[in-house]
Amino acid sequence: MKILYSPASPYSNKVRMAAHYAGLSAESVLTDTNANPPSLIDSNPLGKIPTLITDEGKSIYDSRAILHFVDRETKGKLYPRNPAKRTEVEILEALCDGICDCLLAIVYEKRFHPPEKIHQPWIDRQWEKVVRGLDYLNANLPKTAAKLHAGHFALAAMLTYLELRFTGEWQKGRPKLRNWPQKFQKFFPDHSKFRT
Ligand SMILES: N[C@@H](CCC(=O)N[C@@H](CS)C(=O)NCC(=O)O)C(=O)O
């Protein structure tokens with residue numbers, strides 16, 4: 001199995017960590033989305049990473065579909081069996097991925113527009129969503145122990161991306177969230193392997 005990825009991509013980071021944790025072996029293939037390589041475009045019309053390609057050549061995207069696939073392949077290592085708990089985990093994952101969507105919208109706004117075309121109100125609107133999301137997470141962190149789930153990986157990946165692109169801009173007033181990565185590392189010491 002292969003996972004097309006890039007080290008900075010938070011959704012790729014989430015998928016690679018979770019697959020490793022669940023015990024699904026997959027080769028990570030570094031992929032430059034800007035170059036539209038056939039290996040990506042032929043597997044995913046959206047040209048986005050992560051994209052997982054199975055040994056049978058079937059492609060699976062996006063990151064949540066991949067995690068649901070990994071969960072099925074590993075007999076439920078990523079999501080709780082209890083429906084109410086599962087919904088909670090799925091919402092946590094959706095929130096963390098949604099924050100990443102906003103962060104990426106800000107990064108892409110600046111990256112893909114000439115300076116005079118950058119629309120600051122759009123950036124501000126995205127950042128407001130990020131602020132609300134981070135405040136919510138600071139007040140409602142998931143219990144974190146040896147048994148991890150998809151929501152933990154989504155949260156870890158989102159905070160890694162946030163610190164990569166918005167270094168030092170998110171910790172103030174959110175002490176619980178700021179300290180959470182240390183807790184996560186205790187239970188998933190391999191996390192740094194997935195940043196490259
Ligand atoms: N909802 C998707 C988002 C994937 C996504 O936006 N990936 C970014 C990299 S972090 C990408 O491939 N961007 C390239 C592009 O949009 O052309 C998921 O969860 O996998």
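Predicted model only: the values in this text are computed from it and were never measured.
Between Asp97 and Ala154 the shortest heavy-atom distance is OD1-CB, 4.0 Å. The nearest pair of heavy atoms linking Ala22 to Thr74 is O-CG2, 3.4 Å. The nearest pair of heavy atoms linking Leu67 to Ala150 is CD1-CB, 3.8 Å. Summarising the geometry of Ala19 relative to Val70, their closest heavy-atom pair is CA-CG1, 4.1 Å, with the distance given to 0.1 Å. The two residues Leu141 and Lys176 come nearest to each other via the heavy atoms CD1-O, 3.4 Å. In plain terms, the two heavy atoms of Asn13 and Ala157 that are nearest each other are ND2-CA, 3.9 Å.
Summarising the geometry, atom OH belonging to Tyr61 is positioned 10.5 Å from atom CG belonging to Leu40; distances are rounded to the nearest 0.5 Å. With values rounded to the nearest 0.5 angstrom, Ile118 atom CD1 is found 7.5 Å from Lys110 atom NZ. Taking CG from Leu92 and CG from Leu137, the interatomic distance works out to 6.5 Å, rounded to the nearest 0.5 Å. Between the CD1 atom in Ile123 and the SG atom in Cys102 there is a gap of 12.5 Å [rounded to 0.5 Å]. Atom CG of Leu155 and atom CG of Leu177 lie 6.5 Å apart (nearest 0.5 Å).
Counting only distance, with no hydrogens or angles, the side chain of His20 and the backbone of Met17 share no donor-acceptor pair below 3.5 Å. Counting only distance, with no hydrogens or angles, the side chain of Tyr79 and the backbone of Asp71 share no donor-acceptor pair below 3.5 Å. No donor-acceptor pair closer than 3.5 Å links the side chain of Tyr161 to the backbone N or O of Tyr11.
Between Phe112 and Tyr108, the angle of the ring planes goes over 60°, which puts this pair in the perpendicular group of the 30/60° scheme. Taking the six-membered ring for Trp and thresholds of 30 and 60 degrees, Trp180 and His152 have nearly parallel ring planes, at less than 30 degrees apart.
A ring-centre distance under 6.0 Å is not found for Tyr5 and Phe194.
Counting heavy atoms from C-beta outward, Lys48 and Asp62 have side chains that stay 4.5 Å or more apart. At a threshold of 4.5 Å between non-hydrogen side-chain atoms, the residues Pro50 and Thr31 do not count as touching. At a threshold of 4.5 Å between non-hydrogen side-chain atoms, the residues Leu134 and Leu162 count as touching. Side-chain contact check for Thr51 versus Ser39: every heavy-atom pair is 4.5 Å or farther apart. Contact of the Val107 side chain with the Phe166 side chain is registered, since non-hydrogen atoms from C-beta on lie closer than 4.5 Å. Inter-residue side-chain proximity for Leu159 and Phe184 is flagged as unmet; no heavy-atom pair is nearer than 4.5 Å. Between Ser59 and Asp42 the shortest side-chain heavy-atom distance does not fall below 4.5 Å. Residues Lys14 and Glu93 form a side-chain contact, since some pair of their non-hydrogen atoms from C-beta on lies under 4.5 Å apart.
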Determine whether Val130 and Trp170 satisfy the following criterion, side-chain contact (heavy atoms from CB on, under 4.5 Å), listing intermediate values before the conclusion. CA-CA 9 Å; Val130 171; Trp170 58 276; over 6 Å; no

Given the rule in the side-chain contact (heavy atoms from CB on, under 4.5 Å) test, do Arg174 and Asp135 qualify, once you have shown the distances and angles that lead to the verdict? CA-CA 7 Å; Arg174 301 187 186 104; Asp135 286 343; 2.7 Å; yes

Could you walk me through whether Thr160 and Arg195 satisfy the side-chain contact (heavy atoms from CB on, under 4.5 Å) test, starting with their C-alpha distance in whole Å, then the side-chain angles of each, then the deciding distance to 0.1 Å, before giving a yes or no? CA-CA 9 Å; Thr160 298; Arg195 291 184 190 172; 3.6 Å; yes

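When only modelled atom types and interatomic distance are considered, Gln171 and Glu163 share a side-chain donor-acceptor pair under 3.5 Å. Side-chain contact annotation: Lys183 with Thr144, donor-acceptor N/O pair under 3.5 Å absent.
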